[in-house]
Asker: 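Starting off with a structure, shown below.
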Amino acid sequence: MPELPEVETVRRGLADRVVGRELGAPVVAHPRAVRRQEGGAALFSGRATGVVHSARRRGKYLWLEVGDRDDVVVAHLGMSGQFRVVDAPPDDDPHARVWWPLDDGTTVVFRDQRTFGWVLADRMAGEVPTAVAHIARDPFDPAFDREATARAIRRSTSGVKRVLLNQSVVSGIGNIYADETLWRVGTPPDRPASRLTQKDAIRLLDTATEVMDEALAAGGTSFDPLYVAVNGESGWFERRLDAYGRQDLPCRRCGTAIVREQFANRSSHRCPRCQRPPRGGG
DNA sequence: CTGTGGTCCTGTATGC
DNA sequence: TGCATACAGGACCACA
């Protein structure tokens, strides 16, 4: 699923293939893709055009700055969203939801199998678009405040995995990297976040950053960035996962079988030996 | 305000 | 073989 490293890889592809070009009026083939647009597809098509000045990201949200003022096209990939740059408008692609002609004759297509993703013509509200205002900075943001974020984590009464997934606390982390992070630090997902020391919480954030940085490096090196922009893949399959999806397989650290459990309505993978609550019940 | 659980959606995998 | 069901999950939203 697209989490921060995948979205960043897509952003780089868009920066390479779309920035500097002009977006023509988009075709909305599937209204659900613009469900967040007040005024619907007609208003979206009228506004989501212009010369693309930059491709930006916060957490899992992407946006293109277009036109002359504070106009942006925001996108969230949901679970299965992709951007592809293709030679001709899609003809027989059932998952093509929205596409724009570019002034070089190519077409940029937003594809989405499971339709949880969306695109939106929006305005900037300070550093980020209105639709992204409630999203916390991600660890790759130069202004990310690690200590303050660690304190925010510890203020929550929820389990630590749920807090890592809360995009208003720290953004960019999804189910896969949350499981990987918790495996690496040796913490059970339901450990109350409020029980973490500041040092624990900082270590958690540093580890999440490290895991995502490695994933980004894998996505960036195993594929040409151009290819990423064109085909939407980002090297997920090249990645070495230690916990996610490894149920019944031996833990790479201790050999105990990884277990899969339901946690916060999501599948959660952990090593029952390495990820135990600390002594004293913490 | 905070936390939680339901919901959206469809391709793939599994079960009978 | 064919049909039914389970499953995957990010973020929004109603509700406690």
Side-chain angles (χ1 to χ4, degrees), chain A residues 1-11 28-38 40 57-63 74-83 92-98 110-120 122 128-138 149 151-182 189-196 208 212 215 232-234 236-237 239 241 243-248 258-270:
Chain A
M1 312 309 141
E3 304 181 26
L4 187 151
E6 291 76 27
V7 177
E8 172 61 15
T9 303
V10 171
R11 188 200 65 78
V28 178
H30 196 303
R32 185 172 151 79
V34 295
R35 64 190 178 280
R36 296 196 52 169
Q37 188 81 54
E38 283 184 51
R57 182 190 57 73
R58 171 175 287 187
K60 305 171 196 172
Y61 292 74
L62 279 168
W63 64 93
V74 189
H76 195 290
L77 302 178
M79 292 177 55
S80 54
Q82 303 176 338
F83 278 98
D92 190 26
D93 180 354
H95 299 134
R97 307 300 184 192
V98 175
F110 176 67
R111 306 181 71 248
D112 190 16
Q113 179 196 103
R114 296 182 193 173
T115 75
F116 281 15
W118 48 263
V119 290
L120 172 71
D122 198 10
V128 298
T130 305
V132 186
H134 64 298
I135 299 301
R137 292 184 193 277
D138 63 65
T149 306
R151 287 193 295 272
I153 289 171
R154 297 168 62 217
R155 279 196 295 272
S156 173
T157 58
S158 287
V160 66
K161 179 170 176 180
R162 192 181 264 276
V163 181
L164 281 180
L165 294 174
N166 184 341
Q167 307 296 302
S168 65
V169 174
V170 53
S171 68
I173 303 168
N175 201 40
I176 296 173
Y177 297 122
D179 279 3
E180 293 299 302
T181 298
L182 291 169
D190 58 351
R191 185 175 180 203
S194 58
R195 296 266 182 97
L196 299 178
M212 291 194 290
E233 299 286 357
S234 55
W236 303 338
F237 309 110
R239 199 157 305 147
L241 297 173
Y244 183 85
R246 300 197 73 244
Q247 61 271 17
D248 304 327
I258 299 287
V259 297
R260 188 180 80 175
E261 301 159 324
Q262 285 300 114
F263 180 83
N265 270 339
R266 290 289 171 268
S267 68
S268 208
H269 308 76
R270 71 181 174 92

Asker: Is there a donor-acceptor contact under 3.5 Å from the side chain of Glu3(A) to the main chain of Lys60(A)?
Answerer: no
Asker: Any idea how His76(A) and Tyr61(A) line up, ring-wise: parallel (<30°), tilted (30 to 60°), or perpendicular (>60°)?
Answerer: perpendicular
Asker: Please confirm whether the shortest side-chain N or O distance from Ser80(A) to OP1 or OP2 of dC9(B) is below 4.0 Å.
Answerer: no
Asker: Where each residue is assigned the nucleotide of DNA chain B containing its nearest heavy atom, which of His30(A) and Thr157(A) is assigned the position nearer the 5′ end?
Answerer: Thr157(A)
Asker: Decide, yes or no, whether a salt bridge links Asp122(A) with Arg36(A) under the criterion of side-chain N to carboxylate O below 4.0 Å.
Answerer: no
Asker: Chain A on DNA chain C: first and last contacting nucleotide, 5' to 3', under 4.0 Å to a heavy atom?
Answerer: dA8(C) to dC12(C)
Asker: Both Ser267(A) and Ile135(A) contact DNA chain C. Which one's nearest nucleotide lies toward the 5' end?
Answerer: Ser267(A)
Asker: For Gln262(A), does the CD atom sit with more than 12 other heavy atoms under 6.0 Å from it, leaving out its own atoms?
Answerer: yes
Asker: Classify the nucleic acid contact of Arg36(A) as base, sugar-phosphate or nothing, counting any heavy atom under 4.0 Å across all strands shown.
Answerer: sugar-phosphate
Asker: Which one of Asp190(A), Asp179(A), Asn166(A) satisfies the side-chain hydrogen bond (donor to acceptor under 3.5 Å, both in side chains) criterion with Lys161(A)?
Answerer: Asp179(A)
Asker: Compare every heavy atom of Gly172(A) with every heavy atom of Met212(A), then report the nearest pair and how far apart it is.
Answerer: SD-O, 3.8 Å
Asker: Could you check Leu77(A) against Asp112(A) for side chain to side chain contact (heavy atoms under 4.5 Å, CB included), going step by step and ending with a plain yes or no?
Answerer: CA-CA 8 Å; Leu77(A) 302 178; Asp112(A) 190 16; over 6 Å; no
Asker: For Arg97(A) and dC9(B), what is the distance between atoms CZ and P respectively, to the nearest whole Å?
Answerer: 11 Å
Asker: When you compare the protein's N or O atoms with those of nucleotides 11-13 of chain B, which come within less than 3.5 Å of each other, and at what distance?
Answerer:
residue, atom, partner, partner atom, Å
dG11(B), OP1, His95(A), NE2, 3.4
dG11(B), O4', Gln113(A), OE1, 3.1

Asker: Please give the nucleotide sitting opposite dA13(B) as a Watson-Crick or G-U wobble pair, both distances under 3.5 Å, or none.
Answerer: dT5(C)
Asker: How is His134(A) classified with respect to the nucleic acid when contacts are heavy atoms under 4.0 Å: base, sugar-phosphate, or nothing?
Answerer: sugar-phosphate
Asker: Which residue, Arg266(A) or Arg162(A), contacts DNA chain B at a nucleotide closer to its 5' end, judged by nearest heavy atom?
Answerer: Arg162(A)
